2 protein chains.
Amino acid sequence: MTLTLDGRLAPLNWSPENCSIRRTLDLLGPASSILILREALYGTRRFDQFAERLGMSETSIAARLKQLTQAGVLERQQYREPGSRPRDEYVLTQRGEDLAPTLLALMQWGDCYLQEGPAPLHLVDAAGEPVRVAFQRADGTTVAPEELHLRSAQDL
Amino acid sequence: MTLTLDGRLAPLNWSPENCSIRRTLDLLGPASSILILREALYGTRRFDQFAERLGMSETSIAARLKQLTQAGVLERQQYREPGSRPRDEYVLTQRGEDLAPTLLALMQWGDCYLQEGPAPLHLVDAAGEPVRVAFQRADGTTVAPEELHLRSAQDL
DNA sequence: CCGTATCCACAACGATACTG
DNA sequence: CAGTATCGTTGTGGATACGG
């Protein structure tokens, strides 16, 4: 596969700076931000749980949580356990949840190419059937990678 | 959505270090590696083209290309234009092409949340119909994000 | 429990100059 | 054209100590 950009390698109306991939990576920040989001997707919400599960220093955790909150993919929520004072926790916003395909596509690739033995986690549906990240049309039909093309907007 | 890990937030048989997302990020390296791969996916192959299109220094380009080659997602290929001496170019391996869902999921998210106005590039099939990254079962049927679960391997 | 402040180490990057 | 060598700057992170 090579996404042929409709046959041209450098369309005039597309510039490498005006690129959603670059802007998304800039917004999310370093790789440790992705790991924070992975934990958030798994259900981790509290500061010390992030720190413990990721094996990162509190300094880094605080910086990443603040950055991701400002980026709008996490938000602080107050909660109160009975008998305790109110605390904050960090939960995914809709924007953050929508990063799930990206994260799970990464996981899928690593499971395929970097995992020795069976993968530790499997993505399944409500009935336990395996689920994969794939390309599909609006009607839900699958698109093979060889059929993919990138079209620049002004070609329409 | 929260991927409930079958109801438990920290399954005993899964550790944050043994994680395909982390290992994949470690293998690929810094964010600029992802941008290199984006260019490779678009069809860029030659050293100076990477440097020019990404606006990065030759030092960084050389380091990233070497790293990605060692990681097995790019490989050097000799080519020879008529009348020129042979040169090297960097092309995606199968491993590298299989990162397309990850990169395009990133692009899709950025198009949705960071793009002002219409996206500059559209992912389409051979007939020009729009294509998205989505979750699906082995039989091709679509899975809604709310239906997703992560199951640890030893629960089988 | 949930962070912040300070200090230090290292990795990534751009700029520049240089080689086959 | 396709890199390598060196330098200086910045960003990221760990360790430690400290504050609400």
Side-chain angles (χ1 to χ4, degrees), chain A residues 9-10 16-17 19 22-40 44-71 74-91, chain B residues 9-10 16-17 19 21-23 25-40 44-71 74-91:
Chain A
L9 294 183
E17 300 77 29
C19 165
R22 175 193 283 267
R23 283 207 299 264
T24 303
L25 292 171
D26 288 346
L27 182 79
L28 296 180
S32 53
S33 289
I34 311 285
L35 298 178
I36 295 268
L37 289 175
R38 180 200 74 188
E39 281 306 313
T44 301
R45 297 180 162 216
R46 286 163 57 171
F47 186 91
D48 62 330
Q49 288 293 317
F50 282 111
E52 179 190 348
R53 290 176 56 85
L54 291 170
M56 290 167 56
S57 69
E58 295 166 347
T59 315
S60 293
I61 296 289
R64 294 307 128 231
L65 289 175
K66 181 178 290 187
Q67 177 183 5
L68 291 170
T69 302
Q70 288 169 350
L74 291 180
E75 67 183 355
R76 295 174 79 119
Q77 283 186 4
Q78 274 210 349
Y79 73 105
R80 168 180 290 249
E81 286 182 4
S84 301
R85 60 179 172 80
R87 303 183 188 285
D88 277 338
E89 55 186 6
Y90 298 84
V91 298
Chain B
L9 295 182
E17 300 78 28
C19 165
I21 294 178
R22 175 193 284 267
R23 283 206 300 262
L25 291 172
D26 287 347
L27 183 79
L28 297 181
S32 53
S33 289
I34 311 286
L35 299 178
I36 296 267
L37 290 174
R38 178 200 76 187
E39 282 304 314
T44 302
R45 295 178 164 221
R46 285 162 57 172
F47 186 91
D48 61 331
Q49 289 293 319
F50 282 112
E52 180 190 348
R53 291 176 54 85
L54 291 169
M56 289 167 58
S57 68
E58 296 167 347
T59 315
S60 293
I61 296 289
R64 292 309 125 231
L65 289 176
K66 182 177 292 186
Q67 178 183 5
L68 290 170
T69 302
Q70 287 169 351
L74 291 181
E75 65 182 357
R76 295 174 79 121
Q77 283 187 2
Q78 273 209 350
Y79 73 104
R80 167 176 291 237
E81 286 182 4
S84 300
R85 60 179 171 81
R87 302 184 188 285
D88 276 340
E89 56 186 4
Y90 297 85
V91 297

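Since the model is a prediction, treat every value here as computed from it, not as a measurement. The sequence lines fix the lettering, A, B, ..., with proteins before strands; numbering per chain opens at 1.
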Taking the side chain of [X] as its heavy atoms from C-beta onward, which of [options] lies nearest to it?
X       : options               : answer
B:Ser57 : D:dG13, C:dC13, D:dT4 : C:dC13
B:Thr59 : D:dA2, D:dG13, D:dT6  : D:dT6
B:Tyr90 : C:dG3, D:dA2, D:dG3   : D:dG3

So OG1 of A:Thr44 and CD of A:Glu89: to nearest 0.5 Å the spacing works out to 11.0 Å
Closest non-hydrogen atom pair between [X] and [Y], with its separation:
X       : Y       : value
B:Gln67 : B:Gly29 : NE2-CA, 3.3 Å
A:Arg38 : B:Cys19 : NH1-SG, 2.7 Å
A:Phe50 : A:Ile36 : CE2-O, 3.5 Å
A:Asp88 : A:Tyr79 : O-CE2, 3.7 Å

Listing for DNA chain C: consecutive Watson-Crick or G-U pair runs of at least 3, distance cutoff 3.5 Å, ranges ordered by first number, gives C:3-20 with D:1-18
Reckon [X] has a side-chain N or O less than 4.0 Å from the OP1 or OP2 of [N]?
X       : N      : value
A:Arg64 : D:dG13 : yes
A:Lys66 : C:dT4  : yes
B:Arg46 : D:dA2  : yes
A:Tyr79 : C:dC1  : no

Value in whole Å for how far the [atom2] atom of [N] lies from [atom1] of [X]:
X       : N      : atom1 : atom2 : answer
A:Gln78 : C:dC1  : CD    : C1'   : 14 Å
B:Gln49 : D:dC1  : CD    : P     : 9 Å
A:Met56 : D:dG14 : CE    : P     : 6 Å
B:Ile61 : C:dT16 : CD1   : P     : 17 Å
A:Phe47 : C:dT4  : CZ    : P     : 7 Å
A:Arg45 : C:dC2  : CZ    : P     : 14 Å
A:Leu65 : D:dT12 : CG    : P     : 15 Å
A:Leu54 : D:dG13 : CG    : P     : 11 Å

Per side-chain contact (heavy atoms from CB on, under 4.5 Å), A:Arg22 is matched among A:Leu25, A:Thr24, A:Asp26 by A:Asp26
From the list A:Gln49, A:Arg53, A:Arg45, side-chain hydrogen bond (donor to acceptor under 3.5 Å, both in side chains) partner of A:Glu39 resolves to A:Arg53
Does any part of the side chain of A:Leu35, heavy atoms only, come nearer than 4.5 Å to the side chain of A:Arg64, both counted from C-beta? no
Within the side chain of A:Arg76, is there an N or O that forms a donor-acceptor pair under 3.5 Å with the backbone of A:Thr69?
no
(Q) Whether the side chain of B:Ser33 engages the backbone of B:Leu28 through a donor-acceptor N/O pair (distance < 3.5 Å, no angle test) should be reported. (A) yes
Contact check, residues 24-37 of chain A vs DNA chain C, heavy-atom distance under 4.0 Å, returns none
Mind checking if A:Phe50 touches a base, just sugar-phosphate, or nothing, with heavy atoms under 4.0 Å?
nothing
Result for 5'-nearest mapping on DNA chain D, choosing between A:Gly55 and A:Glu58, is A:Gly55
